[in-house]
Structure formats: C-alpha cells, structure tokens
Amino acid sequence: MLGNILLGMIIPIILGVWILRRNFTILVLYYPLGVAVSACINNIGFNFFWNILPNTRNQSLAALPMDLGVYPIAGCLMMYTILVKGANPWLAILVASLSLTLIEWVAKMMGHVIYFNGWNIIWTFFSYLLPFVLAYGYSKILRYTK
C-alpha cells in the first residue's frame, strides 16, 4: 500500500503542483472533477472488471491514492497543455489516455493489476479516454459561463 501512496499520490501531486504552480486555477477547477470521475469509474470497475494489489476488504481503498493523485493530476496536466500551451485538444486527450494506459499496462505486466469478466487493455484505454473527453467538455462549458 505504501507503493500505491507514494507512486500513485505523493509523487504525482508534488510534480503536478510544481508544474501548475503558476496556473493554480487549473488545479482548482479540474482536480475535483478528476477525483470524482476517477472514484466513480474505479468503484464500478472493482465490482465488475478489475482488481489491484494490495488486496483489501474494500478494494476502493487500494485505489484511493490513485483517485487522489495520478488520475486527477493527469487530467489537470492535459488541460494545462490545451488551455495554456495551446495544444490540439484531441491530440492532448489521446496522449494523456495512452500514457495512463501504458502505465496501467506496465502495472498489469508486473502483476499489480488483475482483469476479469472480459476486461482488457483496450477497454482500459477507453476508460481513460472518456474522462479526458468529459474534462475537455467541462472546459467548454466553463468558457460559456464566464
């Protein structure tokens, strides 16, 4: 569990806050969205499609560091590249989705992630793609409300 906390939460938050220190508004707007979406997807996934180590009585507990760290920070960094750096939104979404999929694939190859009920790495990619598309859509809604 210490590895989950260190690699899934502490290091991503430190790096994300350091990179976004001059664009704190992005953290304030997109971090809570990332936490909420990540927690929802993981709660569904743990019941039907995957498991991660360490095994705990409540599997969501094992993913909590990632729900609070790497997933929302990845979304914030993606939005930073779109909003501040002017990156192509769909390319940024694709790169962010592929990056998290690659990280999970490595974790799966190391035996840290277990899939069942037909889940595979392709479905994993789409489980990352959807939240990033939602975050981009959220940014469009925020622009119209200003």
Side-chain angles (χ1 to χ4, degrees), residues 1-53 59-115 117-146:
M1 188 68 174
L2 184 60
N4 289 8
I5 293 169
L6 187 63
L7 296 173
M9 186 173 68
I10 304 292
I11 292 172
I13 287 176
I14 290 170
L15 288 174
V17 169
W18 182 74
I19 291 169
L20 297 169
R21 67 188 178 278
R22 291 190 182 99
N23 299 91
F24 200 68
T25 304
I26 290 174
L27 276 172
V28 170
L29 290 174
Y30 295 99
Y31 183 86
L33 176 69
V35 171
V37 172
S38 176
C40 289
I41 289 174
N42 271 333
N43 279 320
I44 293 168
F46 284 125
N47 284 310
F48 300 107
F49 301 113
W50 63 79
N51 194 356
I52 66 171
L53 298 177
Q59 279 301 304
S60 295
L61 184 60
L64 187 60
M66 280 72 77
D67 289 342
L68 296 174
V70 71
Y71 301 139
I73 292 295
C76 290
L77 292 174
M78 181 201 72
M79 292 310 302
Y80 172 77
T81 61
I82 293 169
L83 299 173
V84 176
K85 296 297 183 180
N88 178 304
W90 300 107
L91 181 60
I93 290 168
L94 183 64
V95 168
S97 301
L98 286 171
S99 298
L100 286 180
T101 302
L102 178 64
I103 291 168
E104 185 162 321
W105 180 77
V106 169
K108 181 168 176 22
M109 291 298 109
M110 293 171 58
H112 193 71
V113 177
I114 301 154
Y115 295 156
N117 285 342
W119 194 263
N120 58 45
I121 202 71
I122 302 298
W123 287 116
T124 297
F125 169 76
F126 287 112
S127 77
Y128 292 128
L129 183 71
L130 176 65
F132 289 138
V133 170
L134 288 173
Y136 179 63
Y138 181 67
S139 76
K140 293 296 195 183
I141 292 170
L142 287 175
R143 284 188 196 158
Y144 290 121
T145 60
K146 287 184 179 181

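Just the heavy atoms: all of them, side chains too, but no hydrogens, waters or symmetry mates, feed the values below. Just so you know, these numbers come straight off a predicted model, no measurement behind them. For reference, positions follow the sequence shown, starting with 1.
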Can you list everything that forms a side-chain contact (heavy atoms from CB on, under 4.5 Å) with [X]? Sequence neighbours excluded, please.
X    : value
V113 : I52, E104, A107, K108, Y115
F125 : L94, S97, L98, T101, L129
P65  : M1, N4, I5, M9

Any pair with a residue in residues 13-40 that passes side chain to side chain donor-acceptor pair (under 3.5 Å), sequence neighbours left out, goes on the list, sorted by first then second residue, please.
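For residues 13-40, and leaving out neighbouring residues, the side chain to side chain donor-acceptor pair (under 3.5 Å) pairs sorted by first residue read S38-D67.
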Name all pairs fulfilling the side chain to side chain donor-acceptor pair (under 3.5 Å) condition that reach into residues 69-80, sequence neighbours left out, sorted by first residue then second.
Y71-Y128
Would you give the length of the straight line joining atom [atom1] of [X] to atom [atom2] of [Y], rounded to the nearest 0.5 angstrom?
X    : Y    : atom1 : atom2 : result
F46  : N51  : CZ    : CG    : 6.5 Å
I121 : M109 : CD1   : CE    : 7.0 Å
M79  : L142 : CE    : CG    : 8.5 Å
I82  : I26  : CD1   : CD1   : 10.0 Å
L27  : I73  : CG    : CD1   : 5.5 Å
L15  : L20  : CG    : CG    : 10.5 Å

Can you name the residues that form a ring-ring contact (aromatic ring centres under 6.0 Å, His included) with W105, not counting sequence neighbours?
none
Would you say the ring centroid of F48 lies under 6.0 angstrom from that of W119?
no
Quick one: closest heavy-atom pair of [X] and [Y], and the distance?
X    : Y    : value
A92  : T81  : CB-OG1, 3.7 Å
G69  : P12  : C-CB, 4.0 Å
P131 : F126 : CD-O, 4.4 Å
N47  : N43  : ND2-O, 2.9 Å

Is it true that, when you exclude M110 itself, more than 12 heavy atoms of the residues, nucleotides or ligands shown sit nearer than 6.0 Å to its CE?
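Not buried by this count: 12 neighbours or fewer within 6.0 Å.
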Is there a side-chain contact between P72 and L68 in this structure, where contact means two heavy atoms from C-beta onward sitting under 4.5 Å apart?
no
Is T124 close to W50 at the side-chain level, that is, under 4.5 Å between some pair of heavy atoms?
no
